Amino acid sequence: MTAVIDLRSDTVTRPGPAMREAMATAVVGDDVIGDDPTVKALEEAAAAAVGKESALFVPSGTMANLLALLTHCGRGDEAIVGSESHILHHEGVGAPALGGVSLRSVPNDERGHIETAEVTAAIRGGSPRTTVVCLENTQNRRGGAAIPVSEMRQIAEAAHAAGASLHVDGARIFNAAAALETDAKTLLADADTVSFCFSKGLGAPVGSVLTGSSDFIERARPTRRQLGGGMRQSGILAAAALYALEHHVERLSEDQANAKRLAEGLASIPGLVVDPDTVDTNMVFVRFDGIDGIAFTAALAERGVLASAPVPGSLRMVTHLDVNAAGIEEAIVQSASAAESLANA
Ligand code: TLP
């Protein structure tokens with residue numbers, strides 16, 4: 001059998017030889033003491049890439065979002081999040097559990113959009129008090145949809161008018177920028193804070209950042225320590241992230257073309273329901289018509305193609321730098337074979 005084609009997530013990528021070389025040769029210090037030059041270089045480059053003053057390197061996207069909420073909100077304050085946000089569904093209820101922050105959700109529609117009026121209506125000024133509105137871009141549980149600048153701007157204005165801040169969970173913000181044919185700075189111009197990940201489509205093994213004003217980041221720093229996120233010779237990880245930022249942003253459009261091709265191929269297979277027009281970035285969500293989704297996922301895995309199911313009732317395939325165009329064609333062939341085996345069962 002050929003090598004496994006792992007489309008469970010873009011988090012599964014492994015560092016290639018050039019990235020490993022950058023890690024092996026990184027100049028490091030002790031970042032908790034504040035003297036790791038590679039971490040400092042990464043934080044500067046990351047802040048610049050999204051047009052913010054400062055950045056803080058953290059182990060995960062979950063910690064970056066948690067730090068954002070713990071810094072924007074005091075105990076008893078409220079954060080507004082999308083009903084399909086990663087913060088609400090996949091981050092272990094961190095901000096409520098650890099910071100006494102309440103999460104109030106506003107609806108994400110089928111394509112991940114949030115109505116500005118819903119945000120305005122949800123913001124509260126008394127007790128509880130809304131101190132931050134969170135947007136996710138790309139919108140993972142809504143097919144990896146890219147949320148346009150105009151929507152980001154309107155929601156930022158609504159938040160700011162009510163005295164709240166805007167935090168963007170931009171785990172895959174460079175995928176969004178590529179899909180919208182803009183740059184991350186433009187897309188994030190109205191955001192107060194932004195988190196993004198090196199360990200997803202950018203292909204680094206570990207790491208995310210929280211970015212924002214220098215004052216905000218200095219307030220977040222002691223909380224990172226409190227959460228156990230202070231890392232020592234983390235320049236080794238930062239070197240991989242820096243390599244990713246320098247070499248793997250431009251190529252994200254390849255992953256997105258592969259996702260489109262995958263969606264088109266899957267759409268022609270009886271029993272699979274996919275709309276290629278809804279594929280904005282590197283995710284393809286598949287629904288089923290007359291086929292059992294769990295049995296299909298298992299049949300596909302037997303054929304060497306792995307997919308995941310973060311949203312019940314659908315299957316997700318995510319393209320990334322470890323799967324090329326030939327791998328995508330193979331995934332389509334094996335999907336057809338898996339679907340046929342179940343139709344004939
Ligand atoms: N998402 C993972 C899973 O947790 C679902 C994935 O495979 O897509 N924000 C967004 C929008 C994310 O998609 C993720 C990870 C995170 C934050 C958290 O990042 P990590 O896993 O680094 O904590």
Side-chain angles (χ1 to χ4, degrees), residues 6-14 46 50 55-70 79 81-95 98 103 105 108 111-112 114 134-147 152 167-177 179 184 187-188 191 193-211 224 227-229 231 234 237-238 240-241 244 252 255-256 259 279-285 297 306-312 314-323:
D6 192 346
L7 300 170
R8 287 172 300 172
S9 183
D10 46 11
T11 58
V12 302
T13 53
R14 289 169 196 176
V50 294
L56 196 57
F57 187 43
V58 293
S60 66
T62 300
M63 190 183 285
N65 285 333
L66 177 58
L67 262 184
L69 293 195
L70 295 182
V81 296
S83 59
E84 294 301 324
S85 61
H86 195 275
I87 291 177
L88 192 62
H89 291 274
H90 302 290
E91 299 187 7
V93 210
L98 302 173
L103 298 181
S105 73
N108 282 116
R111 300 288 297 123
I114 293 175
C134 303
L135 286 183
E136 185 174 310
N137 203 2
T138 65
Q139 179 68 51
N140 186 344
R141 291 169 60 92
R142 286 297 189 238
I147 307 300
M152 308 266 289
H167 171 68
V168 176
D169 174 357
R172 299 182 178 83
I173 197 67
F174 298 106
N175 290 91
L187 198 51
L188 297 165
T193 57
V194 179
S195 54
F196 74 87
C197 299
F198 303 105
S199 57
K200 307 209 161 50
L202 299 188
V206 178
S208 297
V209 274
L210 174 62
T211 69
R224 178 184 70 169
L227 296 175
M231 299 181 285
S234 40
L237 299 175
L252 289 173
D255 296 342
Q256 306 195 164
V279 176
D280 286 351
T281 60
N282 67 333
M283 294 186 182
V284 179
F285 278 66
T297 312
L306 305 183
S308 65
V311 180
S314 70
L315 180 88
R316 185 186 74 164
M317 296 188 191
V318 187
T319 59
H320 52 76
L321 84 171
D322 286 355
V323 179

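Order of appearance sets the numbers: ligands from 1, and atoms from 1 within every ligand. Keep in mind the model is a prediction, meaning the values are calculated, not measured.
Residue Arg111 places its CZ atom among more than 12 non-hydrogen atoms of other residues, nucleotides or ligands, all under 6.0 Å distant.
The two residues Gly144 and Thr138 come nearest to each other via the heavy atoms O-CB, 3.5 Å. Between Gly201 and Asp10 the shortest heavy-atom distance is N-OD2, 3.5 Å. For the pair Glu136 and Ile147, the tightest heavy-atom approach, listed with the atom from each and the gap, is O-CG1, 3.7 Å. Nearest approach of Leu66 to Gly94, heavy atoms of both residues: CD1-C, 3.5 Å.
By the salt bridge (charged side-chain N to carboxylate O under 4.0 Å, His left out) test, Arg141 pairs with Glu84, sequence neighbours left out.
At a 4.0 Å heavy-atom cut-off, the residues surrounding ligand 1 are Ser9, Ser60, Gly61, Thr62, Asn65, His86, Glu91, Glu136, Asn140, Asp169, Ala171, Arg172, Lys200, Arg316, listed by chain and number.
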